[in-house]
Amino acid sequence: MNAVLKTEALAIEAAAPLEVADPTKNLILVPLSQLLPRRSKRNVRTTPRQSIPELAASIARIGLLQNLIVILAADGEQYEVVAGDRRLTALKLLAKKKRIPADYEVPCLLVADASARTVSLTENVQRENMHPADQFAAFAALVKEGRPIEDIAADFGVSPLVVQRRLKLANVSPRLMADYRAGGVTLEQLMALTITDDHAAQEAAFYGAPEWQRGASALRERLTEREIDAAHALVRFVGLDAYRQAGGGIRRDLFAEGDAGAYLTDAALLETLVRGKLDAQAEDVRAEGWAWVEAVPHMSYAERQAFQNAPRQRREPSAREARRIASLQSRLDKIDAELEEAYDAEDEAKAEKLEPRREQVAGELQAVEEALQGYAPDVRAVAGAIVTLDREGEAVIHRGLLREAEAKALRTLERLRQGFGSAEGEAGNDDEGEDAEQPKTASLSDRLAQRLSAHRTAALQIEVARHPQVALAALVHGMVQEVLQPDAYGDGLPLGVRLNVQDRLEGMAPDWPESPAAVALRELQQVAGETLPQDSAELFAVLLAKPQDELVKLLAVCVASTVDVVTPRAPPHQPGEELAQAVGLDMAAWWKPTAEGYFKHVPKAAVLQAVGDYAPEQVSRLAKLKKADIASEAERLANGSGWMPAIFKAEGAQETTQAEPQAQDDAPEDAEALADEPAVALAA
């Protein structure tokens, strides 16, 4: 409130008259050392003093423009300041810095004790602050008079940037400034409009939009829609300095901090610089011997999925590399055990200390393993690479990419080498190479990796039970490799079917029994088995009498329980990928990320990174919370988002349409058709 209300004025008039402060008689010069530094009890201001250094700089530059109001202290020698305490504090600061003498004479108006509190209140209430628009205009007038910005800044104890900002505001369209004075435009809106000096553009951006679209951010976006934010990935890749040196123009928002308020005006130049830098990196990749190399600034997930990964070969580590791998794995196991204890005990301090150590060791181990992976010369002769940028503006190289025709040619070559049908060449898919976009699982401890792979196993089991043709193909696939191809390349049963019922999921994941996948499979097993007799001979007779399609469905339920793709740690390739693709596995249908099941068992940084994928606007808020609260919030925000950890994304599940089981009459009759049938079913 800047003025005394009418009722207050009447009350003052009706009250007993006070002794009038008379500057002609009572204006005195008091040595600074005689002014008590403590705030007078009669001073009505009790809030902390603000902007003291700025006021001190102004006083040092142009002097004290307004006297203090004082009363005589109890000792009769010193004075208490009842109005002007902020000015007094600034003077004391100048004396402390030796900018003014300790006995600097301060002009003071001496008032009577009885009037002191009223005088203090009146000085603070009976004044009206300058309208900001008048301040902007005054700063502009000073510059027009020839005053340097640095001098104006020093006069008012502010930085040159503050002066420049006020000058920018003074240069806003007169129509907008008039509306600002009238309250029709806010200061935030005015600040956003200063991104351009074009008055017509300012007015069009503001008056051309409905009121609900006149927020500061909307106005700024409207005025810079044809320009590129300096925070864009392309700009980070090229660098602002390189863009400037190439002659690119930059528009700056004086009211933003750092590069956040910079906008690049030459999009064509930026694109040229991006492509030039990418092409230079592509030349280095071409020297590696790839059949083709392309450089593109952006590559979508769908575009990346259009390519297949060429097989990679892992060479045997040298003795030194083997010792290094064993040492790193041992350290990683030890850290994981300590980290799990910290997570279980909710010991955030210990977890925050261990998490960086784990990331470092896991990164070193991954680097050693990556060094062992390579592409054969004949693979490089047909495969290619793409150089592109990620969301952070970092160059990413996708190596070992195969188009459909190239992938078929490579599979044919592999079959010719091994002998057609010896191992169904498709088994080579187990060696599919990783690329730079492959989801990373380094943040997962072995214990969590096992737990998640147990849930993946449960989901695969129920899906296999629902896909009889896939179950039959998988079973035959395993039996062919065991019986007809014992010496073929592969690990015997790469699909994950083990021909014996596995029973270790609960030990890996305590929450497995109540998971949707486990519950659904138990219900399916109960329905399938409730009508079957317990006697072995009677059971065989009943099964003989059943149609083939019913037998295949029953077989699927049984085969499902043999699926086992549990891993001891986060793998570079998911076991059972072919099976997952054949049934179109979607983990989002069977598993949800929860605090207890996931978020509490990964580092805080990993949780925030996950939240950044499905609720980026919440990351800064969550970063301030404790780990347990972050995990709880991450679970709440993830609900319904479909987000999955990288260990589930890595499987590359694809939609497939399974053919209905063939009738007995349509079954293939020749041996070659029988040999081809499992591969066809799995590749469908």
Side-chain angles (χ1 to χ4, degrees), residues 305 308-309 424 426-427 429-430 432 439 452-481 490-502 505 508-509 512 515-525 527-528 548-567 571 573-592 642 644-662 676-684:
Q305 292 303 105
Q308 296 183 32
N309 294 330
E424 285 301 327
E426 313 295 335
N429 287 344
D430 285 345
E432 280 187 354
L452 295 180
S453 66
H455 279 283
R456 182 171 178 268
T457 295
L460 258 180
Q461 288 178 343
I462 181 60
E463 290 292 357
V464 167
R466 292 178 170 185
H467 292 78
Q469 180 75 359
V470 175
L472 177 59
L475 182 62
V476 174
H477 176 274
M479 296 181 73
V480 166
Q481 287 196 321
D491 64 354
L493 296 168
L495 299 183
V497 176
R498 291 292 179 267
L499 302 185
N500 60 295
V501 177
Q502 68 80 28
L505 295 189
M508 299 293 179
W512 162 77
S515 68
V519 171
L521 183 60
R522 283 199 301 271
E523 291 176 351
L524 199 59
Q525 290 171 337
V527 171
Q548 187 182 57
D549 60 337
E550 289 189 24
L551 281 177
V552 174
K553 290 178 182 178
L554 189 59
L555 174 70
V557 176
C558 297
V559 169
S561 296
T562 75
V563 174
D564 186 354
V565 291
V566 175
T567 60
H573 307 288
Q574 290 284 15
E577 283 190 29
E578 297 91 338
L579 198 60
Q581 291 179 18
V583 298
L585 178 64
D586 177 12
M587 282 302 300
W590 301 109
W591 184 88
K592 305 297 180 189
M644 289 284 112
I647 193 171
F648 290 152
K649 294 178 186 175
E651 65 205 6
Q654 302 173 357
E655 279 191 27
T656 57
T657 54
Q658 298 299 325
E660 291 297 323
Q662 293 178 322
D676 284 344
E677 182 61 21
V680 171
L682 289 173

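Between the CE atom in M587 and the CG atom in L460 there is a gap of 8.0 Å [rounded to 0.5 Å]. From Q461, atom CD reaches atom CG of D564 across 8.0 Å, with rounding to the nearest 0.5 Å. One distance of note links CG of L585 with NE2 of H467; it measures 10.0 Å at 0.5 Å rounding. The CD atom of E550 sits 11.5 Å away from atom CD of Q548, with the distance rounded to the nearest 0.5 Å. Expressed to the nearest 0.5 Å, how far CH2 of W590 lies from CG of L521 amounts to 9.0 Å.
Between A556 and V464 the shortest heavy-atom distance is CB-O, 3.8 Å.
Counting only heavy atoms from C-beta outward, the side chains of W591 and R456 never approach each other to under 4.5 Å.
Side-chain atoms of K553 never come within 3.5 Å of backbone atoms of D549 as a donor-acceptor pair (strictly under, hydrogens ignored).
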